[in-house]
Undergrad: 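Got a structure for you, written out below as structure tokens; questions coming shortly.
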Number of protein chains: 2
Amino acid sequence: MTSTEGPAQPAVRTRDAARTKAEILTVATREFARLGYAGARVDEIAARTRTTKRMIYYYFGGKEQLFTAVLERAYSRIREAEQLLDVEHLDPVAAVRRLAEVTFDHHEEHPDFIRLVSIENIHEAEHIAASAELSRISSPAIEVLRRILDTGRASGLFTADVDAVDLHAMISSFCFFRIANRHTFGALFGRDLVDAGRREHYRTMLGDMIIAYLTADRAA
Amino acid sequence: MTSTEGPAQPAVRTRDAARTKAEILTVATREFARLGYAGARVDEIAARTRTTKRMIYYYFGGKEQLFTAVLERAYSRIREAEQLLDVEHLDPVAAVRRLAEVTFDHHEEHPDFIRLVSIENIHEAEHIAASAELSRISSPAIEVLRRILDTGRASGLFTADVDAVDLHAMISSFCFFRIANRHTFGALFGRDLVDAGRREHYRTMLGDMIIAYLTADRAA
DNA sequence: TGACTAACTAACCAGTCCGTACATTAAACG
DNA sequence: CGTTTAATGTACGGACTGGTTAGTTAGTCA
């Protein structure tokens, strides 16, 4: 670690509250995701930043509030990604499939976020409940899905009378399980759900399943 | 706690290794499920049994091995339940639906087990890997599913060329997500996935989805 | 019935962990 | 340029935690 004393990194420590806060959040996200809430250590998080533990208490108040802040940032990033969704110019079937694929990709790209959500569920979402920001906002994806479903039903393409939140749960289930339960599933069934070679297979399978459900003839 | 000195509870402490071990496991299961691996306290587990902390180390060796033993017992109970599966006398469509329903019910009835699995995944299944018992055995449900799928394909009922492990993942995803992510999903979308009034709705939805997928015309 | 051992208990230890009191310094400001 | 204040660092307290040491008791079997 002698590189930190190189000429590119001047020894003078400039003060930058925003940068310090952001760095703490980045490190804390990694540590909480890696070890769980109780498993993560405040001292260790501090040691992995360029600042000290004192700053965590100065900016966030404590371990609990730090975890809440980590969740807030993680969720806000998804919302940003969801706001970039541009699927409503497609026909309903293609739009739903595209939405499922975007969800699939997002889960794969953010395993730390998936872990944080698992951890927060172990704690019965108490930090979300404690966060005004998190309990207020909702997901843009739901609104998009609602509109696609309306269009699809109106044009007679979709036979199923599903509601957007339920369909979102259905799509998320598979994407979430694949990442979150990768390890136990792999250990017990000898199949790595996140193997790169099977990625397209699962991505297609998810889309097929959702479309099959929405367009099935539910006569019985 | 004066009741422990009542006449129904004789003060004489009878020695019973099996009972003591079982009681430790039961309490440890609850505590680990409630608080996570790092969050659970060996002292607290001991305090909630009728024995002492020393016995945990005497019988299990340490916290890590205790957690492994908890997992082993939890998984062995599922396997027992799966061995009671009796669906192969049904036609393939009914059999798959029944299997999905049994899985659905099992998840709902064992939230502690779901939490343990989530926790074990945070730890990247290291305890399963450390357990000869767990890494050896496989799931009876997979074999049952494989046979149903074969029959269904042979009779032309199922168009999808799915493999049993993937379909098992698909079914488990929804059942698992519904229980495991109940809290964050409820907090963010204002819908309790485990609400008793919506139970039948989700149970049917899962079956519909699986059957739709298996019987869909995948021409495109 | 007395020696032996598995089952059990209480007390403790060394290291860890969250949080804080206190001191200090870089920037903002008039 | 002197004062103020936000930002930062040091060092440590006190409670806790996993694990252990040393000793006790109930059952059993020769």
Side-chain angles (χ1 to χ4, degrees), chain A residues 1 4-5 9-32 34-71 119 123 126-127 130, chain B residues 1 4-5 9-32 34-71 119 123 126-127 130:
Chain A
M1 287 302 186
T4 53
E5 297 179 322
Q9 193 80 268
V12 291
R13 189 70 35 96
T14 69
R15 301 190 160 202
D16 186 341
R19 204 196 54 73
T20 301
K21 273 182 86 164
E23 188 180 355
I24 291 171
L25 278 177
T26 301
V27 172
T29 298
R30 207 171 53 223
E31 288 295 292
F32 280 127
R34 201 162 63 89
L35 302 162
Y37 175 75
R41 302 289 170 233
V42 177
D43 279 306
E44 184 62 23
I45 291 170
R48 289 171 185 252
T49 65
R50 267 173 289 179
T51 183
T52 63
K53 185 166 61 156
R54 180 68 185 79
M55 289 296 95
I56 292 174
Y57 288 89
Y58 183 69
Y59 285 122
F60 298 98
K63 190 183 185 183
E64 205 94 22
Q65 295 100 305
L66 176 60
F67 185 73
T68 302
V70 163
L71 280 182
I119 291 161
H123 296 276
E126 65 182 45
H127 305 96
Chain B
M1 286 304 186
T4 53
E5 297 179 325
Q9 193 80 269
V12 293
R13 188 68 38 96
T14 69
R15 302 192 158 201
D16 185 340
R19 202 195 54 75
T20 301
K21 271 181 90 164
E23 188 181 354
I24 291 171
L25 277 177
T26 300
V27 172
T29 298
R30 207 171 53 222
E31 288 296 291
F32 281 127
R34 201 162 62 88
L35 301 162
Y37 175 75
R41 301 289 171 232
V42 177
D43 279 307
E44 185 61 25
I45 292 170
R48 288 171 186 253
T49 65
R50 266 172 291 179
T51 183
T52 62
K53 183 166 65 156
R54 186 64 186 83
M55 286 296 96
I56 293 174
Y57 288 90
Y58 183 67
Y59 284 123
F60 298 97
K63 188 182 185 182
E64 205 95 22
Q65 295 101 304
L66 176 59
F67 185 73
T68 302
V70 163
L71 280 181
I119 291 161
H123 296 275
E126 65 183 42
H127 306 95

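Here is how names work: the chains are called A, B, and so on, in the same order as the sequence lines, proteins then strands, and each is numbered from 1.
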Undergrad: To check you understand the geometry: which heavy-atom pair defines the closest contact between A/E31 and A/A40, and what is its length?
TA: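 Looking at all heavy atoms of both residues, the shortest contact is O-CB, 3.9 Å.
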Undergrad: Specify the separation, in whole Å, of atom CE of B/M55 and atom P of D/dT25.
TA: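 These atoms are roughly 14 Å apart.
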Undergrad: Quick one: closest heavy-atom pair of B/I45 and B/V27, and the distance?
TA: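 Shortest heavy-atom contact: O-CG1, 3.6 Å.
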Undergrad: Using a heavy-atom cut-off of under 4.0 Å over every strand shown, decide if B/F60 touches base, sugar-phosphate, or nothing.
TA: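 Counting heavy atoms under 4.0 Å across all strands, no contact is made by B/F60.
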Undergrad: Return the value, rounded to whole Å, for the distance between atom CZ of A/R50 and atom P of D/dA7.
TA: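 These atoms are roughly 17 Å apart.
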Undergrad: Which of these, A/V70, A/L66, A/L71, sits in a side-chain contact (heavy atoms from CB on, under 4.5 Å) with A/T29?
TA: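 Of A/V70, A/L66, A/L71, side-chain contact (heavy atoms from CB on, under 4.5 Å) with A/T29 is met by A/V70 alone.
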Undergrad: Nearest whole Å is fine: how far is C/dA7 P from B/I56 CD1?
TA: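 Distance check: B/I56 CD1 to C/dA7 P gives 16 Å.
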Undergrad: Does A/K21 use its side chain to pair, donor to acceptor, with the backbone of A/F60 at less than 3.5 Å?
TA: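 No: the side chain of A/K21 does not pair with the backbone of A/F60.
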Undergrad: Kindly say if B/T51 contacts the phosphate of C/dA7, meaning a side-chain N or O under 4.0 Å from OP1 or OP2.
TA: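 So the side chain of B/T51 is outside the cut-off, no N or O lying under 4.0 Å from OP1 or OP2 of C/dA7.
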Undergrad: Using a 4.0 Å heavy-atom cut-off across all strands, classify B/Y58 as base, sugar-phosphate, or nothing.
TA: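 If one applies the 4.0 Å heavy-atom cut-off, B/Y58 turns out to touch a base.
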Undergrad: Is a side-chain N or O of B/E23 found less than 3.5 angstrom from the main chain of B/R50, in a donor-acceptor match?
TA: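 Confirmed, B/E23 side chain pairs with B/R50 backbone.
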Undergrad: Answer yes or no: is there a donor N or O on one side and an acceptor on the other, between the side chain of B/Y37 and the main chain of B/E64, under 3.5 Å?
TA: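 Such a contact is found between B/Y37 side chain and B/E64 backbone.
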Undergrad: Using a 4.0 Å cut-off on protein heavy atoms (strictly under), produce a 5'-to-3' string for nucleotides 16-21 of chain C with B for base contact, S for backbone-only sugar-phosphate contact, and - for none.
TA: -SBBBB
Undergrad: Side-chain N or O of A/Y59 less than 4.0 angstrom from OP1 or OP2 on D/dT8?
TA: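 For D/dT8, OP1/OP2 do have a side-chain N/O of A/Y59 under 4.0 Å.
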Undergrad: OP1, OP2 of C/dC8 versus side-chain N and O of B/T20: anything below 4.0 Å?
TA: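 Checking C/dC8 against B/T20, a side-chain N or O does come within under 4.0 Å of OP1 or OP2.
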Undergrad: B/F32 CZ to D/dG18 C1': how many Å, rounded?
TA: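 Whole-Å distance recorded here is 11 Å.
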